[in-house]
2 protein chains.
Amino acid sequence: MREIVIGGAQMGAIQKADSRADVVARMIALLDQAAEAGCDLVVYPELTLTTFFPRWWMDDPAEIDQWFETEMPGPDTQPLFDAARKHGIAITFGYAEKTPEGRYFNTSILTDKEGNIVGKYRKTHLPGHSEYDEDRLFQHLEKKYFEPGDTGFPVWRNLDAWMGMCICNDRRWPEVYREMGLQGVELITLGYNTPTVNSQHGDEGLEKRLYHSDLSMSAGAYQNATWVVGVAKAGVEDGHPLMGGSIIVDPNGMVVARAKTEEDELIVHACDMDMCNFGKATIFDFKRHRRIEHYTRITGQTGVITPDQETRSAE
Amino acid sequence: MREIVIGGAQMGAIQKADSRADVVARMIALLDQAAEAGCDLVVYPELTLTTFFPRWWMDDPAEIDQWFETEMPGPDTQPLFDAARKHGIAITFGYAEKTPEGRYFNTSILTDKEGNIVGKYRKTHLPGHSEYDEDRLFQHLEKKYFEPGDTGFPVWRNLDAWMGMCICNDRRWPEVYREMGLQGVELITLGYNTPTVNSQHGDEGLEKRLYHSDLSMSAGAYQNATWVVGVAKAGVEDGHPLMGGSIIVDPNGMVVARAKTEEDELIVHACDMDMCNFGKATIFDFKRHRRIEHYTRITGQTGVITPDQETRSAE
């Protein structure tokens, strides 16, 4: 048994007016709860430190930059790292990163129990659009404010397990789990900010959107025999509702813990990393069963090419 | 609207002693039902024509060969093709194929409404093992009796839609759906023979095994915005129980029809192929969102390589 007690620290709404210090205080309050619950690791959402700003159109570079961190930890986040180190709890959380070279990423980091950053991931699959879209119920401008991540999907040894990260929309892409599965991943953590309403399909409904979130994470967990922890930023941010539904999924694809609210809420489960062993040795023993010679479209083409288009281009 | 009324023709148990003629008569009875229900397409299981013979160890080539078809249609299956043509119903079903060159495959074919074979698929992901395994509750010798398919995952134009096939264990591999998704697939049909009991994990339980089957098909459907129809051979074959759970899944990953029995049973749904359009144009618009430069492990390596192994081999 290699047990990691994991806390999923769902965050309720963060308003535009809330300061980093306000948010960090709420994060530390959840961390204190996690310490009492015996957690080894606490997982926070995507873009934990601010409101989900890509819903707003901004042109002024200074207005945009206010949402980005230029150092990690910085003055506002140092108290969080200090509290984590004091409790001996590893943490992972997302934030908007501006690099010294002036590049912008949607990033998450992972620390060890001493508060040292051991892993950094930059979001690969940016949803939404880069130009103003008047047909949408609201904007989703991740393709405007961020560039696609340049890290790929690394896996790190931490807390005696192989851990990887992804962020929000990444969780809907099976390639993400498989890239980490092929590195032996045992625990994938991710945060998300998912609007309660589909901006292009207003009548889709919350129930179906929660189902799609569960479905993607559960399938990724089962098909790679890995734990998956997905943590929401939830609640109504300046009039824009975000769904909750934070879950912990075991390596059989079963949801073992689920948030009940759309507010700051800690979900806890004692996760045995050795539960990954059976699936990895049997039905998903990749070495025995995968047939990579038949997967060539997956890396050979980005978009759809229907058979009639193939024929035309071969002529 | 491009509607295809699909019948999922689940088959109950087929005993060793049942003849091909017995089975084909049952298939035609389901086809007659499907005609009354207005079906355009009927989907039968994997290895529809016989019992699931890979559960038995056999050495005698003649004993093995009795389970294989050397022509399609042949004398035993011609009545099925004739009935399908009479009704104007396209069909797809699985069978064990022995080629003129003496190669053995787990195969499925697809016809048009005139009974012409328009597509052939050979199973890629063979589960189980090739040597006798005394630790198992029963044998699963697909790797002994078949070679891995050589077709890849083609997609064909049929009934005014893009259709593809896979078989049984293939449905658990996200690469399968994605290969077809990258060809614009709108309908994936598959059959399966899934034992009710995990031969290596006897207490897994039927409920979890049905869940894994649903989960894999629903995720494949949602993540590629395609219809998926999965049809079981079910019931107790010479003492060995096979699970049912045949389902039709829409391009949102929602199960819209489900078999209630473990016997011969037709499930029917009118499937609008245009329901695929929204997902393919938005959240799963591959051309805008996929990042193939970060998927290189998926085709670059078959098995797991953990980061410490990578480091060692680079030294």
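In what follows, chains carry the letters A, B, and so on, assigned in the order in which the sequence lines appear, proteins first and then strands, with residues in each chain numbered from 1.
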**Study point:** Backbone of A:Thr302 reached by a side-chain donor or acceptor of B:Arg290 within 3.5 Å
**Key:**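 Indeed, once roles are kept as given, a pair shorter than 3.5 Å links the two residues.
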Check your understanding: So, the side chain of A:Tyr211 versus the backbone of B:Gly253: is there a donor-acceptor pair under 3.5 Å, distance only?
Key ->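 Yes, A:Tyr211 side chain to B:Gly253 backbone: donor-acceptor pair under 3.5 Å.
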Please examine the side chains of [Y] and [X], heavy atoms only from C-beta on, and report whether any two atoms are closer than 4.5 Å.
X        : Y        : value
A:His294 : B:Glu179 : no
B:Gln200 : A:Thr282 : yes
B:His289 : A:Lys143 : yes

**Study point:** Atom pair CG (A:Leu215) and OG (B:Ser216), whose distance is rounded to the nearest 0.5 Å
**Key:**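 Reported to 0.5 Å precision, the distance equals 9.5 Å.
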Practice item. Please round to the nearest 0.5 Å and tell me the distance separating atom CD of B:Gln183 and atom CD of A:Gln309. Key: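 That separation rounds to 11.0 Å.
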Toward chain A, the part of [X] with a non-hydrogen atom under 4.5 Å:
X        : result
B:Arg157 : neither
B:Ile283 : both
B:Asp150 : backbone
B:Pro148 : side chain

Between [options], which shows the greatest number of heavy-atom pairs under 4.5 Å with chain B?
options                                : result
A:His212, A:Gln223, A:Lys280           : A:His212
A:Leu182, A:Val304, A:Ile292, A:Asp285 : A:Leu182
A:Asn252, A:Thr124, A:Val185, A:Thr296 : A:Asn252
A:Phe153, A:Trp156, A:Tyr177, A:Trp162 : A:Trp162
A:Arg172, A:Glu293, A:His125           : A:Arg172
A:Phe286, A:Phe284, A:Tyr222, A:Phe278 : A:Tyr222

Exercise for review: Run the salt-bridge test on B:Arg178 and A:Glu175 with the 4.0 Å N-O cut-off and return the result as yes or no.
Suggested key: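 A salt bridge links B:Arg178 with A:Glu175.
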Practice item. Over all heavy atoms of both residues, which pair between A:Val155 and B:Pro307 is shortest? Give the atoms and the distance, please. Key: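 That closest heavy-atom pairing would be O-CG, 3.4 Å.
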